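Read the structure below first, then the notes.
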Amino acid sequence: MSISSFTFVSPSLYSELSSICLALQLIYPPRRFVHSVGFNCPEFSADPRKFGGQARSMAAVVGEKKNKKVDVFNTEEDLAVSLARYTADLSDKFTKERGSFTVVLSGGSLIQSLRKLVEPPYIDSIEWSKWHVFWVDERVVPKDHADSNYKLAFDGFLRQVPILPGNVYAINDALSAEDAAEDYETCLKHLVHCKVLDAAGNGFPKFDLMLLGMGPDGHVASLFPGHPLVKENEKWVTFIKDSPKPPPERITFTFPVINSSAYIALVVCGADTAEPVHKALRGSDDFDKLPVEMVSPEVELTWFLDKAAATKL
Ligand SMILES: O=C1O[C@H](COP(=O)(O)O)[C@@H](O)[C@H](O)[C@H]1O
């Protein structure tokens, strides 16, 4: 499906179309289909700036009773603006409902896409003291090492916001990969016991929001294509010592934990990710699914794509 079939709709038309689309799905229940509800919006294509410069489109992928939304943005800047609003809205939702917000960060390019959160209005409107921050994966290196996801998040985001230090759960970087994974899992189990973290019905922790990136090979967290860890279904946190992407030693959440999240944002930019994005959203007959195809949260998965990542849709 060409990008034009994920053409851009104005935000107001977007919401009307999504209800039409969902109504249609009630009449014609899909097994699994990608349903583009984008229509050419002449005024938009003439002058996208009229719609705040944000280009959005929506394809509701409904399959296995999980709602997935796909937003494609003209630029990474537009994506960052939308991701900040999405995150701030969920922060408001959960801090109002429960008095806290549990959010899981990835490393890599995701942190850069969170930059709008540390600007007005969000820097002042978000109740940062209610945030609890975790990592979906971490490299087994010192926290001040250039490869550390903690360092990346601290330098690029955390040091600019007043999150309580005790609410930032970094791994113990003095431990081996095995011990760091066990230590992090023990920490999560303690937080579920103390009700800082919700528990899903399946017994796994239920984070409010998981912010995932995806590599060009379709890996998410430190779960890589064809690696046995993608099948781990008992541990909450496991470890890898032969990561195909350096550094070799990492710890990572497993898919039962990732998929027990209430909300997942999959933030994917760049032309080198277009193939796995196509595979994940258009489906494939390949027996071996990519890790990104295994992401299926309890409530809602939203893809945040820039145009380059969406070129093969
Ligand atoms: O190594 C990692 O890679 C993935 C993807 O990173 P990206 O820069 O390609 O978006 C990242 O999500 C993960 O946290 C990190 O450890």
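One-based numbering, in listed order, for ligands and for the atoms of each. What you see below is based on every heavy atom in this structure, not just the backbone, and it leaves out hydrogens, waters and symmetry mates. Just so it is clear, the model here is predicted, and its values are computed rather than measured.
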Minimum-distance protein heavy atom relative to [atom]:
{"atom": "atom 4 (C) of ligand 1", "value": "H219 NE2, 3.2 Å"}
{"atom": "atom 8 (O) of ligand 1", "value": "S109 N, 2.9 Å"}
{"atom": "atom 6 (O) of ligand 1", "value": "K245 NZ, 3.7 Å"}
{"atom": "atom 9 (O) of ligand 1", "value": "M214 O, 3.5 Å"}

Is the closest side-chain heavy-atom distance between K206 and L197 below 4.5 Å? no

If you count the atoms of ligand 1 from 1 in the order shown, which ones are under 4.0 Å from a heavy atom of [X]?
{"X": "D137", "result": "13 (C), 14 (O), 15 (C), 16 (O)"}
{"X": "R250", "result": "1 (O), 2 (C), 16 (O)"}
{"X": "G215", "result": "5 (C), 9 (O)"}
{"X": "S106", "result": "12 (O), 14 (O)"}
{"X": "G108", "result": "6 (O), 8 (O)"}
{"X": "A221", "result": "13 (C)"}

Centre-to-centre under 6.0 Å for F207 and F253, is that the case here?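 Centroid distance F207-F253: below 6.0 Å, so yes.
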
Any cation-pi pair here, K69 with W303, using under 6.0 Å and within 45°? no

Specify side chain, backbone, both or neither for V268, according to which of its non-hydrogen atoms lie closer than 4.0 Å to ligand 1. neither

Below 4.0 Å, non-hydrogen atoms only: which portion of E138 touches ligand 1? Side chain, backbone, both or neither.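 The answer is neither; E138 stays 4.0 Å or more away.
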
Is it true that, when you exclude E249 itself, more than 12 heavy atoms of the residues, nucleotides or ligands shown sit nearer than 6.0 Å to its CD? yes

Does a sphere of radius 6.0 Å around CD in E97 hold more than 12 heavy atoms from other residues, nucleotides or ligands, not counting ones at 6.0 Å or beyond? yes

Would you call the rings of F94 and Y263 parallel, tilted or perpendicular if under 30° counts as parallel and over 60° as perpendicular?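 Plane angle over 60°, so perpendicular.
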
Taking salt bridge (Lys or Arg N to Asp or Glu O under 4.0 Å) as the criterion, tell me which of R98, K93, K96, K130 meets it with D208.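 Testing each of R98, K93, K96, K130 against D208, the sole residue satisfying salt bridge (Lys or Arg N to Asp or Glu O under 4.0 Å) is R98.
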
Membership question, hydrophobic clusters at under 4.5 Å side-chain separation (ILVMFWY): are V141 and L152 in the same one?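 Unlinked, L152 and V141 end up in two clusters.
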
